There are 2 protein chains.
Amino acid sequence: MVKILLAEDDHNLGSLLCEYLKAKNYDAKLATDGIEAWEMFSNGDYDLCLLDIMMPRIDGITLARRIRETDNSMPVIFLTAKNLEKDILEGFSAGADDYITKPFSMEELLYRIEAIMRRTRGSRTTEAEIYEIGIYRFHPLTQILEKGDISHKLTTKESELLRLLCSHKNEILERNYALKKIWTDDNYFNARSMDVYITKLRKYLKEDSSITILNVHGKGYKLISK
Amino acid sequence: MVKILLAEDDHNLGSLLCEYLKAKNYDAKLATDGIEAWEMFSNGDYDLCLLDIMMPRIDGITLARRIRETDNSMPVIFLTAKNLEKDILEGFSAGADDYITKPFSMEELLYRIEAIMRRTRGSRTTEAEIYEIGIYRFHPLTQILEKGDISHKLTTKESELLRLLCSHKNEILERNYALKKIWTDDNYFNARSMDVYITKLRKYLKEDSSITILNVHGKGYKLISK
DNA sequence: AAGATATTTTAACTTTATTTAACAGGTTGT
DNA sequence: ACAACCTGTTAAATAAAGTTAAAATATCTT
């Protein structure tokens, strides 16, 4: 059973979410401020944290940083007020895996939780993360992309981008999302830089024609492969 | 076509919603109390239930429990008066997927229905969605339209539009609906842009004369093919 | 710390996708 | 029949993405 730490100071929304998650078979626990959340986190073995950004005592971003110091791979999703762009940027640099802006539908939240569990499952047990992409195998940890017995070492950025693409295989990886996660800021120049890396990755992966890094105009990229 | 069971005792609201959903191409059926709803559910093959919580004879929550006993994965959305916190909580433990508080906008409801349908039926269909259109085959995931051994890569917008047309094959695809889904806004200019794409698609599909993208004046388009 | 090397960003230019504009027909209701 | 609005088509303008190479940073080595 997936254990979720939910930190939300709005009591109405908090208990609502908590009940909903329980009904959906998650083992959800509610904290109503940052300190309480930190204490619960320290004493519990959670699989995922759902943190409101604006909370009394300790805000969600600071809390996420502390959580990440303890467990660098703990999945974190931020709940944030609509379009608080600045918060989102800071959230990513604090190690968020995703964010969702209020108001959101329960379905949307559930979808994101599931997507993250899908992506982190496996890497949670410290097992080496390996992606099979057509005839290639990719090891994000060592940044090695191999094809048969030929192995090629990727640079940091190449590897980070390929890893995001892989973890979103067959679904769209949004430009903004990738830019915030890898470049920490989604300005024009970073976007162009990302384009350059897409070209590089396409070159590395070109020997299997069933692999495509598809551009979704105005949105992002989609890695397509079996 | 998605079949929706709508249970709502307020007759005005009920028929309004029902008509609206039909206009949006859902196969909606209206029940005006809990018992009627239960009977209809038992005799029909619904894809989604939209239940008012306060209803005569059997309330929505009890009804949801019964429905869930029969079909554990039936998506349920509750309609509830604002601030009936307790109802909502209870609703979730009865297995609701989402809830929407009255008064709500039609668009909001539509959005949530779509979110749920995306999750429940998308999870199986996303695998390898392929449409056969006359002598053509269309792969939305890779955006490839093929005719025999000739394959042509569509652009994002072309593909999204063709996909919507295919998923509504031989039924009307409403302009507004398509505009909101693909362009996110249905203003004049986007509508003209859509016209341009219709022209493009017609060009691509012209080699099979049994295929027609028919305009339904003032409403939208209908893709006709075997 | 200087020089060599690898990596990342910026720039310039090319190509492609999408939107807007312009004009020509259609459809509908009065 | 006519006014108002909707649709079809083509071409131009704008915006986004693709590619390559040079410039700027960062990293490594001695």
Side-chain angles (χ1 to χ4, degrees), chain A residues 140 142-145 151-165 172-206 209 211-224, chain B residues 140 142-145 151-165 172-206 209 211-224:
Chain A
T142 54
Q143 304 187 4
I144 284 175
L145 179 66
S151 84
H152 172 69
K153 175 130 187 310
L154 300 178
T155 72
T156 311
K157 284 271 189 307
E158 288 167 354
S159 174
E160 286 176 326
L161 184 54
L162 183 54
R163 181 167 183 252
L164 271 193
L165 284 165
I172 182 165
L173 168 66
E174 290 196 31
R175 259 201 128 81
N176 291 347
Y177 181 84
L179 284 170
K180 282 174 195 151
K181 282 208 87 153
I182 300 177
W183 279 265
T184 70
D185 187 14
D186 68 341
N187 60 40
Y188 172 81
F189 293 106
N190 287 338
R192 302 322 324 278
S193 195
M194 179 169 163
D195 287 341
V196 171
Y197 281 95
I198 289 288
T199 298
K200 290 182 181 181
L201 292 181
R202 281 183 178 141
K203 236 173 232 164
Y204 298 150
L205 297 170
K206 71 166 178 249
S209 62
I211 302 171
T212 318
I213 299 179
L214 195 78
N215 171 250
V216 181
H217 195 98
K219 296 210 179 73
Y221 292 93
K222 209 156 66 169
L223 171 67
I224 294 173
Chain B
T142 53
Q143 304 185 4
I144 284 175
L145 178 67
S151 82
H152 173 68
K153 179 150 176 300
L154 300 178
T155 73
T156 309
K157 285 271 189 309
E158 288 166 354
S159 174
E160 287 175 327
L161 183 54
L162 183 54
R163 182 169 184 244
L164 272 194
L165 284 165
I172 182 164
L173 168 65
E174 290 196 33
R175 258 200 128 79
N176 291 346
Y177 178 82
L179 285 169
K180 276 184 207 135
K181 280 209 91 150
I182 301 177
W183 279 265
T184 69
D185 186 17
D186 69 341
N187 60 40
Y188 171 80
F189 293 106
N190 288 339
R192 301 320 325 277
S193 196
M194 178 169 162
D195 288 340
V196 170
Y197 280 95
I198 289 288
T199 298
K200 290 182 181 183
L201 292 181
R202 281 181 178 142
K203 235 174 234 166
Y204 298 149
L205 297 170
K206 71 168 177 244
S209 61
I211 302 170
T212 319
I213 299 179
L214 196 76
N215 172 250
V216 182
H217 194 94
K219 297 213 175 68
Y221 293 94
K222 208 153 73 165
L223 171 66
I224 297 177

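All values derive from a computational prediction rather than experimental measurement. In what follows, chains are A, B, ... by sequence order, proteins preceding strands, each numbered from 1.
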> If you fit an axis to the five pairs at each end of the helix from dA1(C)-dT30(D) to dT30(C)-dA1(D), how big is the angle between those two axes, to 10 degrees?
Replying inline: 40°

>> side-chain contact (heavy atoms from CB on, under 4.5 Å) for Leu179(B) and Met194(B)? Distances and angles first, verdict last.
In response: CA-CA 8 Å; Leu179(B) 285 169; Met194(B) 178 169 162; 3.9 Å; yes

Tell me: [atom1] of [X] to [atom2] of [N], nearest whole Å?
| X | N | atom1 | atom2 | result |
| --- | --- | --- | --- | --- |
| Tyr204(A) | dG18(D) | OH | P | 17 Å |
| Lys206(A) | dT19(D) | NZ | P | 11 Å |
| Phe189(B) | dT19(C) | CZ | C1' | 9 Å |
| Glu160(B) | dT19(C) | CD | P | 10 Å |
| Lys153(B) | dA17(C) | NZ | C1' | 10 Å |
| Gln143(A) | dT7(C) | CD | C1' | 11 Å |
| Asp185(B) | dT18(C) | CG | C1' | 16 Å |
| Leu161(A) | dG18(D) | CG | P | 12 Å |

>> Could you check whether atom CZ of Arg163(B) has more than 12 heavy atoms from other residues, nucleotides or ligands sitting under 6.0 Å from it?
In response: no

> Any side-chain heavy-atom pair from Gln143(B) and Thr156(B) closer than 4.5 angstrom?
Replying inline: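 In short, these two side chains touch, coming nearer than 4.5 Å.
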
> Does Tyr197(B) reach the side chain of Ile182(B), with side-chain heavy atoms less than 4.5 Å apart?
Replying inline: no

> Excluding sequence neighbours, so at least two apart, what forms salt bridge (Lys or Arg N to Asp or Glu O under 4.0 Å) with Glu160(B)?
Replying inline: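 Once residues adjacent in sequence are excluded, the partners of Glu160(B) under the salt bridge (Lys or Arg N to Asp or Glu O under 4.0 Å) criterion are Lys219(A).
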
> How would you list, by chain and number, every residue that makes a side-chain contact (heavy atoms from CB on, under 4.5 Å) with Thr199(B), sequence neighbours excluded?
Replying inline: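 None.
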
> Who are the side-chain contact (heavy atoms from CB on, under 4.5 Å) partners of Tyr204(A), not counting sequence neighbours?
Replying inline: Leu145(A), His152(A), Leu154(A), Glu158(A), Lys200(A), Leu201(A)

> Of the candidate nucleotides dT18(C), dT8(C), dT20(C), which contains the atom at the shortest distance from the side chain of Thr155(A)?
Replying inline: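 Among dT18(C), dT8(C), dT20(C), the one nearest the side chain of Thr155(A) is dT8(C).
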
> Along nucleotides 3-11 of chain D, 5' to 3', which nucleotides get a B, which get an S, and which get a -, given that the test is a protein heavy-atom distance under 4.0 Å?
Replying inline: ---SBBBB-

>> Under the rule for side-chain hydrogen bond (donor to acceptor under 3.5 Å, both in side chains), what residues qualify as partners of Arg192(B), not counting sequence neighbours?
In response: Asp195(B)

>> Here's a test of your reading of the structure: between Leu154(A) and Lys200(B), which maps to the more 5' nucleotide of DNA chain C?
In response: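 With Leu154(A) and Lys200(B) compared, the 5'-side residue is Leu154(A).
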
> Under 4.0 Å between a side-chain N or O of Trp183(A) and OP1 or OP2 of dT8(C)?
Replying inline: no

> Quick one: CG on Leu173(B) to CG on Leu214(B), what's the gap to the nearest 0.5 Å?
Replying inline: 12.5 Å

